[in-house]
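Here's the structure we're looking at; comments come further down.
First the proteins, then the strands, lettered A, B, ... as listed; each starts at 1.
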2 protein chains.
Amino acid sequence: MSMRLQDVSETAPLRSCTHEYKVNCETCRLSKVCLPLAINHQDLEQLENIIQRSKPLQKNELLYHEGTPFQSIYAVRSGAVKGYRTTSDGREQVTGFYFPGEILGMDGISNNSHASSARALETSAICAIPFDSLERLSASMPSLQRHLFQLMSREITEDQLLITLLSKNSADERVATLLLSIASRNARRNLSASQFRLPMSRVDIGNYLGLTVETISRVFSRMQKNGILCVDNKEIEILDQEALQLAANIAN
Amino acid sequence: MSMRLQDVSETAPLRSCTHEYKVNCETCRLSKVCLPLAINHQDLEQLENIIQRSKPLQKNELLYHEGTPFQSIYAVRSGAVKGYRTTSDGREQVTGFYFPGEILGMDGISNNSHASSARALETSAICAIPFDSLERLSASMPSLQRHLFQLMSREITEDQLLITLLSKNSADERVATLLLSIASRNARRNLSASQFRLPMSRVDIGNYLGLTVETISRVFSRMQKNGILCVDNKEIEILDQEALQLAANIAN
DNA sequence: GCCGATTCTTGATCTGCATCATGGCCGCGG
DNA sequence: CCGCGGCCATGATGCAGATCAAGAATCGGC
């Protein structure tokens with residue numbers, strides 16, 4: 001079996017003079033996705049100085065756990081992460097999937113403790129950004145402050161989209177919408193929008209979309225039969241983008 | 001018919017020397033709910049100077065509409081507001097209810113245009129807080145900056161709770177959870193947690209909870225029959241707090 | 001205080017997805 | 001190579017809540 005695409009780091013090679021885990025936003029291919037700041041070289045340096053990068057997370061390793069003290073927000077460099085919260089009866093609710101260039105962990109700010117948990121779906125490299133440093137820095141960098149507000153605001157609007165999806169849409173519409181979302185996020189990183197590997201299991205997809213595994217399977221099968229998708233286990237190919245859009249667009 | 005409770009302003013009487021619409025956070029009974037800042041007198045004065053208050057909104061009047069330019073976030077002083085977004089097929093999805101002391105409109109920051117709409121559920125007094133001023137002010141007031149981050153973070157965690165509710169809970173559990181949420185928010189304002197008037201219609205409740213009007217009616221009737229609630233149109237009395245909690249707590 | 005419009009309730013029926021059950025497939029360790 | 005465990009697919013059945021329908025209650029305007 002061939003090497004898994006997602007295991008390849010999507011960051012630029014580190015220059016030889018830098019330490020192995022030294023972060024370098026300036027040369028990071030994701031910087032314009034992750035921190036599209038119109039900030040100058042000096043500001044960027046300041047920002048880099050506070051960012052920490054640790055050993056890559058292995059599949060299924062925990063990034064943070066609900067209830068633990070909040071210290072950092074996290075940027076995905078490579079791999080994929082799922083966010084979830086545990087209900088009082090012990091079940092889990094997946095609240096989001098995070099791909100390279102995306103930021104997670106901001107729900108911990110309000111209580112100084114994480115309101116959700118995050119777990120690597122595959123081997124993933126993660127940047128940790130200590131929030132107190134970020135806060136201090138943003139007080140003197142208006143564009144950074146604004147960027148943080150915008151990041152959080154986007155999280156809110158995305159949650160609202162999911163709320164709408166869960167409350168108004170059928171199984172087919174939910175699945176189609178998720179696939180299109182993943183496709184467009186791939187496109188943003190200059191990856192194929194029509195062919196990709198799902199890093200998460202059917203169980204996670206169902207959980208996220210408020211459906212059972214069986215339903216996810218059936219929807220995939222049906223869409224394959226209808227020539228919309230080609231599904232080979234986790235490998236997805238969108239054969240008929242328009243039909244998929246049509247299947248999703250009933251209500252968003 | 002007696003005067004409607006919700007029409008009474010919940011703000012402290014304005015002192016005679018202030019202009020009619022002059023805002024005064026310092027004497028506002030809601031200030032510790034709305035802006036629980038450990039900030040000094042001088043800071044508070046600066047904040048007050050940017051806050052605008054206009055003529056109260058009448059029932060069904062629009063506070064802002066999705067797609068329009070974002071300028072301010074809003075604090076409810078009295079009355080109640082619903083937030084919603086319109087789906088592509090013209091239906092609406094209610095994303096939240098906002099009571100006195102609560103802040104809304106933060107989803108507009110990311111795009112500089114409102115991602116949702118807001119409408120008064122009854123006559124409501126609203127404070128508008130221009131966001132660019134707030135941003136500038138918060139750069140020099142760490143506690144204000146932090147408070148804003150926390151406000152937005154709380155919005156995220158609350159949306160995640162709603163996502164879980166919609167994805168995992170039965171009709172009874174959803175309704176029970178909403179009633180308990182309203183009750184506890186009333187308590188925070190020193191109002192009765194066991195007896196209150198719902199400012200929104202059954203349609204809005206159903207829409208918010210991803211259920212139909214008929215289902216809401218049936219759940220209310222059932223809970224009334226079981227001695228958990230006393231329902232008289234929009235007037236709600238919680239007769240058995242514990243049973244209601246039990247009905248809600250299956251999964252949160 | 002009357003009347004039309006809207007909102008709410010209740011019943012009967014229908015349906016999309018959950019649940020239950022089973023078997024296949026793939027990856028991995030021995 | 002085989003056997004085991006996790007993941008996935010698919011069929012049969014059941015049920016919570018949607019939909020359809022018809023009154024009843026409440027509201028708002030005059």
Side-chain angles (χ1 to χ4, degrees), chain A residues 1-4 7 58-60 82 91 93-94 121-123 165-176 197-226 229-236 247 250-251, chain B residues 1-4 6-7 58-61 82 91-94 119 121-123 165-176 197-226 229-236 247 250-251:
Chain A
M1 154 134 281
S2 68
M3 184 176 65
R4 286 202 262 154
D7 287 344
Q58 293 305 307
K59 178 171 174 168
N60 286 327
K82 76 167 169 181
R91 289 179 300 170
Q93 171 65 45
V94 174
L121 290 167
E122 54 194 19
T123 306
L165 196 69
L166 290 174
S167 152
K168 294 248 184 310
N169 295 113
S170 69
D172 287 34
E173 289 159 5
R174 296 184 207 183
V175 173
R197 184 173 203 283
L198 296 173
M200 71 294 276
S201 70
R202 303 281 195 270
V203 176
D204 285 335
I205 295 177
N207 192 319
Y208 176 68
L209 296 175
L211 300 166
T212 58
V213 209
E214 293 95 323
T215 300
I216 304 299
S217 257
R218 280 186 245 271
V219 172
F220 278 165
S221 299
R222 206 177 312 144
M223 288 184 170
Q224 170 138 267
K225 195 157 56 187
N226 296 345
L229 297 181
C230 179
V231 183
D232 175 19
N233 199 11
K234 308 209 158 186
E235 216 63 57
I236 298 282
I250 306 294
Chain B
M1 153 132 285
S2 68
M3 185 174 65
R4 287 203 262 154
Q6 269 68 11
D7 286 344
Q58 293 305 305
K59 179 173 171 164
N60 286 327
E61 275 188 313
K82 75 167 170 182
R91 290 179 300 171
E92 99 183 25
Q93 171 66 44
V94 175
R119 192 181 290 276
L121 290 167
E122 55 193 19
T123 306
L165 196 68
L166 291 174
S167 155
K168 293 249 184 311
N169 295 113
S170 69
D172 286 34
E173 289 160 3
R174 297 185 206 182
V175 172
R197 185 175 202 283
L198 295 172
M200 72 295 277
S201 70
R202 301 283 194 270
V203 177
D204 285 334
I205 295 176
N207 192 319
Y208 176 70
L209 295 176
L211 300 167
T212 57
V213 210
E214 293 95 322
T215 300
I216 304 298
S217 255
R218 280 187 246 272
V219 172
F220 277 165
S221 298
R222 206 177 312 145
M223 288 184 171
Q224 170 137 268
K225 196 156 54 186
N226 295 344
L229 297 181
C230 179
V231 183
D232 175 19
N233 199 13
K234 308 210 158 185
E235 216 63 57
I236 298 282
I250 306 294

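Counting non-hydrogen atoms under 4.0 angstrom, Leu211(B) reaches the backbone sugars and phosphates but no base. If you check every strand for non-hydrogen atoms under 4.0 Å, Ser217(B) touches a base. Within 4.0 Å (heavy atoms only), Ser201(B) reaches sugar-phosphate atoms of the nucleic acid but no base atom. Among the atoms of the strands shown, none is found under 4.0 Å from any heavy atom of Gly206(A).
Contact check, Thr212(A) against dA18(C): a side-chain N or O comes under 4.0 Å of OP1 or OP2. The side chain of Thr215(A) places an N or O atom within less than 4.0 Å of a non-bridging phosphate oxygen (OP1 or OP2) of dA18(C).
One finds a salt bridge joining Lys82(B) and Glu92(B) here, because a Lys/Arg side-chain nitrogen approaches an Asp/Glu carboxylate oxygen to under 4.0 Å.
Note: CZ (Arg218(B)) to C1' (dA18(D)) measures 9 Å, nearest angstrom. Between Lys59(A) atom NZ and dG6(D) atom P there is a gap of 13 Å when expressed in whole angstrom units. Separating the CE atom of Met200(B) from the P atom of dT6(C) is a distance of 22 Å, rounded to the nearest angstrom. Distance, Arg202(B) CZ to dA24(D) P: 19 Å, rounded to whole Å. Note: CD (Glu173(A)) to C1' (dG16(C)) measures 12 Å, nearest angstrom. Following rounding to the nearest Å, Asn169(A) (CG) and dG17(D) (C1') show an atom-to-atom distance of 17 Å. In this structure, Asp232(A) atom CG and dG27(C) atom P are separated by 10 Å, rounded to whole Å. Remark: P of dA25(D) and CD of Gln224(B) are 14 Å apart, rounded to the nearest angstrom.
Nearest-nucleotide assignment on DNA chain C puts the 5′-proximal partner with Glu214(A), out of Asn233(A) and Glu214(A). DNA chain C is contacted by both Val213(B) and Arg222(A); Val213(B) maps to the nucleotide lying nearer its 5′ end (nearest heavy atom per residue).
Contact of the Asn207(B) side chain with the Lys168(A) side chain is registered, since non-hydrogen atoms from C-beta on lie closer than 4.5 Å. For the pair Lys234(A)/Pro199(A), no side-chain contact is recorded, criterion being any heavy-atom separation below 4.5 Å from C-beta on. Considering only heavy atoms from C-beta on, Leu121(B) comes within 4.5 Å of Asp204(B) through its side chain.
Gln224(A) approaches Val231(A) most closely through the heavy-atom pair OE1-N, 2.8 Å.
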